[in-house]
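Worksheet for the structure shown next.
Both ligands and their constituent atoms are indexed starting at 1 by order of listing.
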Amino acid sequence: MTKPPLTLYLAAPRGFCAGVDRAIKIVEMALEKWGAPIYVRHEIVHNKFVVDGLRAKGAVFVEELEDCPNDRPVIFSAHGVPKAVPAEASKRQMIYVDATCPLVSKVHIEAERHHQNGLQMVMIGHAGHPETVGTMGQLPEGEVILVETPEDVLHITPRDPDKLAFITQTTLSVDDTADVVAALQSRFPAIVGPHKEDICYATTNRQEAVKAMAAKTDAMLVIGAPNSSNSKRLVEVGAKAGCSYAQLVQRADDIDWRALEGIDSIGITAGASAPEVLINEVIDAFKSKFDTTVEIVETAVENVEFKVPRVLREPA
Ligand code: 2E6
Ligand code: F3S
């Protein structure tokens, strides 16, 4: 039987960012240096396939530091941790390695600097997300007010409206965040902040590529996990940019082929924590059902790399 023709648009950039690459390397190098088990506080990145792979090599994933023994190394996930976590690890004389993405750490430092200058912080982020919890946890209770929407901005009651700064989660929607920043600047004209927001290069670039792809196709799949903030934002950006069908899939098995009946094109991208093997698995699934022509939709070229911490570069 002849296969129907299909143009598969592949977003570039897509998939792993420099922070994810570094975080995974940290776990692998810790396993090499100290042997198993290595404890990891929270999923190192939000991807089950990555986590299962590291677990098979001897990593033990836990949610809290209290679930780790004192005498085994622990790694903090790429999303960052409240200040109390490394403080507690030091108190317990544990070996720990912080895999927080340097671009998240940069926001932590920003928050600290504003706090020392006497400013109260407004954080734009998603309630309960580990990055938000970690960033808010850099400062004492009450020093960071969380907002998610322009509507939230209308209801906050800062200590002094003239002494405010804002920071953001790194994986937000660029466009939605601009609306929240505008609401903050309108209600608190003296508020200080970064040039635009703290959304990282990888988030920004993946959203740009999705918009370019949405101009070419009405159906889009984003490879990523349901708890991955940046991946979920890509689905929203695709839908907002005009894709009538934009879905998150963890891997090829999740594809709803029924919903894709009759399509002549598909856009594929992947969140910053989705490994290339899963992207290839999805592409191969399309190739098995369609006479597929792959076209790359490239909107940026990335060459960012982050070094792993020195303790892992030194011999044991
Ligand atoms: C750390 C910070 C930002 O849910 P989220 O998108 O934040 O996390 P992952 O693990 O899906 O993506 C990478 C990442 C890590 N992004
Ligand atoms: Fe870092 Fe952005 Fe990736 S904050 S972990 S480079 S998605």
Side-chain angles (χ1 to χ4, degrees), residues 11 13-27 40-54 59 61 63 75-82 85 97-111 123-138 148 167-174 176-177 194 196-210 222-237 248-251 269-276 278-279 300 302-309:
R14 64 179 175 280
F16 275 14
C17 61
V20 163
D21 208 47
R22 171 180 181 267
I24 295 169
K25 257 188 213 142
I26 287 175
V27 180
V40 185
R41 185 189 177 280
H42 192 67
E43 288 190 346
I44 187 73
V45 297
H46 289 150
N47 189 276
K48 184 177 166 355
F49 186 88
V50 169
V51 167
D52 286 348
L54 292 171
F61 290 88
E63 276 313 306
I75 292 164
F76 305 145
S77 84
H79 316 93
V81 287
V85 173
V97 186
D98 189 355
T100 303
C101 174
L103 299 179
V104 174
S105 302
K106 188 174 148 236
V107 182
H108 292 183
I109 294 163
E110 238 172 88
M123 176 167 189
I124 308 172
H126 295 292
H129 186 281
E131 181 182 335
T132 300
V133 173
T135 302
M136 292 180 77
Q138 298 307 302
E148 298 196 45
I167 49 174
T168 79
Q169 202 177 324
T170 57
T171 54
L172 303 176
S173 148
V174 172
D176 292 351
T177 306
K196 276 188 174 167
E197 16 64 3
D198 299 304
I199 298 171
C200 74
Y201 80 95
T203 299
T204 307
N205 290 346
R206 280 152 193 68
Q207 289 178 14
E208 273 307 304
V210 158
V222 176
I223 301 156
N227 59 339
S228 168
S229 167
N230 79 87
S231 307
K232 287 193 291 187
R233 299 297 82 77
L234 293 177
V235 176
E236 291 169 4
V237 168
L248 189 70
V249 294
Q250 302 206 57
R251 58 189 310 165
T269 188
S273 45
E276 192 69 19
L278 297 184
I279 304 172
E302 292 178 348
N303 47 21
V304 181
E305 247 181 83
F306 295 131
K307 271 190 189 164
V308 299

Run the contact test for Asn227 against ligand 1 with a 4.0 Å cut-off on heavy atoms, strictly below, and give the result. yes
Below 4.0 Å from any atom of ligand 1, is there a heavy atom belonging to Glu43?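 The answer is no, since Glu43 has no heavy atom less than 4.0 Å from ligand 1.
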Any idea which protein heavy atom is nearest [atom], and the distance to it?
atom	result
atom 7 (S) of ligand 2	Cys200 SG, 3.5 Å
atom 12 (O) of ligand 1	Asn230 ND2, 3.0 Å
atom 10 (O) of ligand 1	His46 N, 2.7 Å
atom 14 (C) of ligand 1	His79 CD2, 4.2 Å

Below 4.0 angstrom from a heavy atom of [X], which ligand 1 atoms are there? Numbered from 1 as shown, please.
X	answer
Thr170	3 (C)
Val20	13 (C)
Ser273	9 (P), 10 (O), 11 (O), 12 (O)
Glu131	2 (C), 3 (C)
Val45	10 (O)

When you look for heavy atoms under 4.0 Å from ligand 1, do you find them on the side chain of [X], its backbone, both, or neither?
X	result
Thr171	side chain
Cys101	neither
Gln169	neither

Could Arg22 and Glu305 be called an ion pair, given the rule that one side-chain N must be under 4.0 Å from one carboxylate O?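 Salt bridge flag = no for Glu305 with Arg22.
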Flag the pair [X] / [Y] as yes when at least one side-chain heavy-atom distance between them is below 4.5 Å, and no otherwise.
X	Y	value
Val107	Thr168	no
Ser228	Asn47	no
Asp198	Gln169	no
Phe49	Ile223	no
Val50	Ser273	no
Ile279	Glu276	yes
His126	Leu172	yes

Within-cut-off N or O pair, Ser228 and ligand 1, under 3.5 Å: yes
Numbering as shown, the atoms of ligand 2 that approach [X] to under 4.0 Å (heavy-atom distance):
X	answer
Cys101	1 (Fe), 4 (S), 5 (S), 6 (S)
Thr170	4 (S)
Gly19	5 (S)
Cys17	3 (Fe), 5 (S), 6 (S), 7 (S)

Assess the side chains of Glu236 and Ser173: does a donor N or O sit below 3.5 Å from an acceptor N or O?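 Absent: no donor and acceptor within the cut-off.
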Heavy atoms only, cut-off 4.0 Å: how does Ala78 contact ligand 2, side chain, backbone, both, or neither? neither
Parallel, tilted or perpendicular for His79 and His46, by the 30°/60° rule? parallel
I'd like to know if the side chain of Glu110 reaches the main chain of Ser105, judged simply by a donor and an acceptor atom lying under 3.5 Å from each other, with no hydrogens or angles considered. no
Keeping the roles fixed (side chain from Thr135, backbone from Glu131), state whether a donor-acceptor pair exists under 3.5 Å. yes
Candidate with minimal heavy-atom separation from atom 7 (O) of ligand 1, of Arg233, Lys232, His129: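 Residue with the shortest heavy-atom distance to the ligand atom: His129.
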When rounded to the nearest 0.5 angstrom, what distance separates SG in Cys101 from CZ in Phe306?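 CZ of Phe306 is found 5.0 Å from SG of Cys101.
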